[in-house]
Amino acid sequence: MALAGASVARADAAQQFVFAGKALPVSHVATVGGKLAISVRDPGLAQLLRAIGASLTWNPGERYVLFTTAEPQIVSFAVGDTRYDIGPRSAQASFAPYEMSGTVYVPFDELLSAFYLASKRDGDAIVIQPQLASFDVRSSGSGSTLVARSGIPLHPRVVADSPSQLVYAFDGVGTTLDRSRAIHAEGIRSITFAQSGTTRAPVTTVTIALAPGTTHGRLETDDRNGFSLAIGGGAASAPEPVAIDTPAPTGAPAETAAPQETPSPAATGAIVTGIDAHAGPNGYSVDIAVTGDASYDWHRLRDSGNRFWIDVHGATLANVIQDLAGSDPVSSVRVKQFDASTVRVALSLNDFKRLDVQPSADGVKISVYTDDAGDDVAVSGGGTLGNAAAVAVVPSPVPSGSDWKFGARSTYVATNPRLIVIDPGHGGSDPGAGRNGLHEANLTLDMAKRLRDILVARGWQVIMTRTTDVDVYKPNDSAPEELQARDDVANNAGARMFISIHVNSWLNAGPNGTTVYYSKPMDVALAKAVDASAAAQLGTRDDGIVKSRLYVTRNSKMPAVLVETAFLSNPDDLAKLTSPDWRQKLALAIADGVKDYAGAPPAPSQSTNQ
Amino acid sequence: MKRTLILVVVLIVVAGGSWWFLSHRNPNTVGDTLDIYYTKAADGTSEVSWPVSMRPMQSGETSAEHLHNSALYAAVQTIAGPPADVQAVRFPTGTRVIGVTVAGTTATVNLSGDVKNQPGGTFGENGEFKSLVFTLTAIPGIDTVAVLIDGQKLDTLPGGHLELDQPFHRGDF
């Protein structure tokens, strides 16, 4: 419907397109009402996208054409729709994208504008000229930040730098910004833009008139096409935008909506800070740690008879483990934020047992007794915690529409309960993460050997998946072969635990600390114990336990953890990793975690291997 | 006789109208905004979402097409990530969404091979894929997310730690 066939005409095939001094092999363009349309499969467009760090997602038959800019920002077109979106902003194109010969043609000028580019005629050629398209001034209490953005990486030349003014020249960049503007921001009096040079080699000059006594400095930015300048000092910390000094060419981005933390349950005072489930001499207990005032009620579910819900009202759930492995007679314990102000603990039992739910010093204590439940035991109740008003809590009727899923209880029994398998991550043809000649594979092997020595001294049997710098399966094997080979060592030996030791890494120095990854419910208790011990002994930041779908922890049959000991990419962590003393501390911390989790190893007579 | 004829005509109109209404109403609950998640670089595991507007279902667009378009849009947004000044766990530079398909309640995201350029360590892999899974499963009608790399189904992320053989669900993280 959007395609007015008569108005679509082939553009002049001899038309030459130029970007950054080079000809683009543009061949699939058309004109619609005098405006250029370009095929999403045009090779010149592909080259342009590569040059500016943008990408395209479109498949034949699809209505949506999605471009990702370097910023990053998504530019979305839809066939037959003149409306298009640039990030959170909608704009109107001069014509709707249309389908022809198995491809989609999109409005070229609008697309260029979204990339902070503009097409300019220069004789017979069309020059695609990067634009200094936005220049934001953000003011904070102590100064201002200037943020400039263009369609290409900005490399400003300093033309003048005096106490009263700063002049930058941006080569290869044109501008559509207002020529001059008075600015009422900290430290800045006015900003003037001027464009000189030629169509093919433009220069944009920005003159910033400064208030007396200001300081300035360039700010680091992850935005490859951006340029940030702090004026007056102290402006680096997320200042509020006060003026977006952009005459909004089509495609200038609006401010992005502030990201929201999720989930965002209503703030209701009490917080469930932890769940601890453990088997005791008289049965099984679940301790729910609650800070603040709350009420609770509990009841047995009618459907199976072996399931209970314990609801803590007026409470929100802190970042706690939500999926705990049970131990007979409890098959699973699940915790979740049921609604904005209710935390629900779902308990699944192997068969119907007597349950008792009572307030405790730290919250609520659930006791599951192992003796057989009679016919007259309580199956519901309630109470209050803290200073919550002691109103009678009536157990709610059994709600319908439950979306709980109860997993099967772990049935793993170690054939060798004295055996711990230690897996030094990577090795051989796979050195793992690296930095300054240090390789993850060597560090993990060193720490694993130290851990082995401590555990053996404490009476455990230990098998290492490797003891030298080798592949466990074979050199240059595939990742699943290699990882399965490591799990096989533990699975075939019927080990009690599997501990994989790794070194973390990231693109910048920010992330740091020790993280204990796990996958299966049965891993949780071991992960918590190792993490607590590491947090207490290592001096690295405690990044906690993190559930993920990692191959080695998921495909090992026994409780398993993958310890990311520290970050090679963080200077403080790197200093620790390079210290033999710290690596010994790491080994000791893991060994102490094992002790907290499993106690002392069983007597050798129980072992099947000796 | 005439009254009966009118009654029959009215019945046919009502039945036809009801059929048209029921068959053309929108059973899809994908809204006008999508929640796009990213993983905070501060800890590598906390998820934060921001809303992006999504075109409402167009006339002529079936609910299946709309669901597909929503999933595609959401995947591209997630790979692009939040604005550059946000400290997020980002997919390796150059990673593109080649395409997305939806079958049943599983969205399959085909990523370009650039995703294999991981910096090493579990931090990145976990944070990247967690955000992708959270984003797509936030779309009503999508429960699990399968991943292809350059169109290939792989057992693990090459050189990495993450298992890719089965579709992810939120509970994996």
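Here the structure is a predicted model, which is why all the values come from computation and not from measurement. Order of the sequence lines sets the chain letters (A, B, ...), proteins ahead of strands, with each chain counted from 1.
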Asp43(B) side chain vs Asp543(A) backbone, donor-acceptor pair below 3.5 Å: no

Report the distance from atom OG1 of Thr553(A) to atom NE2 of His161(B), rounding to the nearest 0.5 Å. 10.0 Å

Whatever's closer than 4.5 Å to a heavy atom in chain B on Leu562(A) counts as side chain

Atom group of Glu482(A) that falls short of 4.5 Å from chain B, counting heavy atoms: neither

Check whether any side-chain N or O of Lys130(B) sits under 3.5 Å from a backbone N or O of Ser548(A) as a donor-acceptor pair, and report yes or no. no

Given 3.5 Å as the limit, does a donor-acceptor pair link the side chain of Arg549(A) with the main chain of Gln166(B), or not? yes

Give me the atom names and distance for the closest heavy-atom approach of Ile74(A) to Ala80(B). CD1-CB, 3.5 Å

Would Asp172(B) and Arg554(A) satisfy side-chain contact (heavy atoms from CB on, under 4.5 Å), going step by step from the backbone distance to the final call? CA-CA 10 Å; Asp172(B) 286 328; Arg554(A) 227 166 84 102; 4.1 Å; yes

Taking Gln77(B), Arg96(B), Gln118(B) one by one, which has the highest count of heavy-atom pairs under 4.5 Å against chain A? Gln77(B)

Rounded to the nearest 0.5 Å, what separates atom CG in Leu162(B) from atom OH in Tyr517(A)? 10.0 Å

Which atoms of Arg541(A) are under 4.5 Å from chain B, going by heavy atoms: the side chain, the backbone, both sets, or neither? side chain

Per-residue contact mode, Leu483(A) against chain B (heavy atom under 4.5 angstrom): side chain

Greatest number of non-hydrogen atom pairs under 4.5 angstrom with chain A, of Val52(B), Ile36(B), Ile98(B), falls to Ile98(B)

Toward chain B, the part of Val546(A) with a non-hydrogen atom under 4.5 Å: side chain

How close do Gly124(B) and Trp506(A) get, counting heavy atoms only, and between which atoms? CA-CZ3, 3.5 Å

Of the non-hydrogen atoms in Thr68(A) and Val76(B), which two are nearest, and what is the gap between them? OG1-CG1, 3.4 Å

Would you check if there is a donor-acceptor pair between the side chains of Glu163(B) and Asn555(A) at a distance under 3.5 Å? yes

Where the side chain of Glu564(A) meets the backbone of Phe123(B), is there a donor-acceptor pair that is under 3.5 Å apart? no

Side chain, backbone, both or neither: which part of Asn59(A) has a non-hydrogen atom closer than 4.5 Å to chain B? side chain

What one should report as the nearest heavy-atom pair of Pro72(A) and Ala84(B) is CD-N, 3.8 Å

Ring geometry between Tyr73(B) and Tyr64(A) (parallel below 30°, tilted from 30 to 60°, perpendicular above 60°): tilted

